[in-house]
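Worksheet for the structure shown next.
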Number of protein chains: 2
Amino acid sequence: MRILDAATSLFERQGAHGTTIRQIADAARVNSQLIYYYFGDKAGLFRAMLQRAAERVGALLANMQRAEGTPRERLFSFVSDWVRVTLAEASTIRILHRALLEGDENFGAEVKAYSVTHAAAISALIEEGIESGDFRADLDPRRAVASLVGMVQYLALAEPILIAPKSVRPSETEEMAKHTAELFVRGLIAAR
Amino acid sequence: MRILDAATSLFERQGAHGTTIRQIADAARVNSQLIYYYFGDKAGLFRAMLQRAAERVGALLANMQRAEGTPRERLFSFVSDWVRVTLAEASTIRILHRALLEGDENFGAEVKAYSVTHAAAISALIEEGIESGDFRADLDPRRAVASLVGMVQYLALAEPILIAPKSVRPSETEEMAKHTAELFVRGLIAAR
DNA sequence: GTCTATAATCAGATAGAC
DNA sequence: GTCTATCTGATTATAGAC
């Protein structure tokens with residue numbers, strides 16, 4: 001829908017407080033009253049916009065295929081898939097971070113719950129690797145997860161900061177996925 | 001100054017658009033007109049507030065002592081120091097990220113320039129390690145820097161999201177510094 | 001330097017015609 | 001469903017007394 005697209009684009013750049021109903025209406029080339037007709041009020045519009053964003057990323061993450069093999073192989077595959085999804089949906093991920101930052105009360109809880117589940121899955125995979133002897137015994141899985149989340153998520157956040165958006169070519173995505181997975185997994189494995 | 005402290009605290013939670021002059025005046029327990037007297041207008045206030053924040057972090061980063069030893073040892077020391085600074089000034093760092101996100105035009109350029117210099121220093125250290133044979137020859141230093149920046153910076157951003165602020169005890173800081181440095185350096189070193 | 005108005009603007013939201 | 005007109009409240013900012 002044009003209204004949600006316009007709201008998304010403006011919210012990404014300006015946040016909810018910085019974006020007016022009229023800006024959105026102009027960008028979507030509709031009358032501003034149509035927004036009230038569909039969404040009730042400004043909060044309702046952003047709720048719908050964020051829900052769409054969360055579903056989009058949630059679906060992609062849920063569809064990441066569970067690989068076979070050793071914990072090390074599965075982790076490598078998991079991380080590189082995650083980087084691919086993150087770069088492909090960088091804009092959407094920025095929006096979700098922004099929403100968390102702006103402290104959208106009840107919405108935040110939903111995304112946080114999702115993040116915790118996701119983090120727990122990675123943590124379990126790491127613990128498995130520690131028990132199998134693949135990974136270092138001195139690792140704290142929780143800390144390792146925190147590092148990984150940062151490494152991956154910051155790619156989306158940094159895109160307009162450190163990296164020029166244009167510079168993310170398809171081949172770059174693939175190389176970044178491989179690089180990140182390699183770096184992280186090597187950081188975990190037990191010294192031979 | 002009380003006004004800048006209040007502005008900082010409110011900006012961190014609500015952003016510039018979400019924070020009113022009166023909220024700041026009330027929090028600082030001064031008359032709202034005093035803010036115009038000192039800073040001219042709202043933009044001037046936030047400019048002064050951000051400048052103070054940038055100087056604070058900039059000074060801490062500039063004072064990080066340059067260690068001696070192999071690239072590997074220096075990098076370890078550099079990363080663990082950086083994590084310490086980041087966790088100690090997490091709140092200030094969040095503010096700078098928030099300012100970049102909100103797109104404060106000329107301010108953004110300043111912080112970006114600083115980040116680029118910082119990134120170049122790390123990149124040079126990694127290149128040195130590659131040449132000396134300490135680090136993997138297949139590494140792209142630019143990508144490695146991106147991963148490191150994410151791993152470190154996200155600690156500050158995630159504090160209110162993934163990690164409960166209270167949970168960052170002093171000993172945690174030290175362990176997180178060691179963990180991050182260890183993880184990153186191990187990810188870089190050449191297989192034996 | 002600090003206060004009390006108050007002007008000027010802007011944004012969210014509603015009413016009601018078509 | 002879509003438009004114009006308008007209300008209401010909040011917010012930035014100024015004027016001017018003390």
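We name chains A, B, ... by the order of the sequence lines, and we start the count at 1 in each one. On a predicted model such as this, the values are computed, not experimentally measured, just so you know.
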Handout entry: Short side-chain N/O contact to dT4(C) OP1/OP2 from N31(B), under 4.0 Å
Key = yes
Fill in the blank from the handout: Whole-Å distance, Y37(A) OH to dT14(C) P, equals 15 Å
Completion exercise
Looking only at dT4(C), dT6(C), dA13(C), the nucleotide nearest the R22(B) side chain is dT6(C)
Handout entry: Rounded interatomic separation in angstrom, taking CD1 from I21(B) and P from dC10(C)
Key = 16 Å
Practice task
Tell me which of K42(B) and Q33(A) sits closer to the 5' end of DNA chain D, going by the nucleotide each one is nearest to.
Solution key: Q33(A)
Exercise for the section: Taking only the side-chain nitrogens and oxygens of Y38(A), find out if one of them lies under 4.0 Å from OP1 or OP2 of dG1(D). Expected result: yes
Exercise for the section: Would you check if H118(B) and W82(B) make a side-chain contact, meaning some heavy-atom pair closer than 4.5 Å? Expected result: yes
Practice task
Could you check how far OH of Y36(B) sits from P of dT6(C), rounded to whole Å?
Solution key: 18 Å
Handout entry: SB check R142(A) E127(A) (cutoff 4.0 Å)
Key = no
Completion exercise
To the nearest angstrom, the CD1-C1' distance between I24(B) and dT12(D) comes to 12 Å
Problem - pair M176(A)-R84(A): side-chain heavy atoms closer than 4.5 Å - result: no
Handout entry: Shortest side-chain distance from L34(B), nucleotide among dT14(D), dC3(D), dG1(C)
Key = dG1(C)
Practice task
Rounded off to whole Å, could you give me the CG-to-C1' distance for the D26(B) and dA10(D) pair?
Solution key: 14 Å
Problem - Interatomic distance where CG belongs to D41(A) and P belongs to dA13(C) [whole Å] - result: 5 Å
Problem - Aromatic ring proximity Y154(A)/H97(B), centre distance under 6.0 Å - result: yes
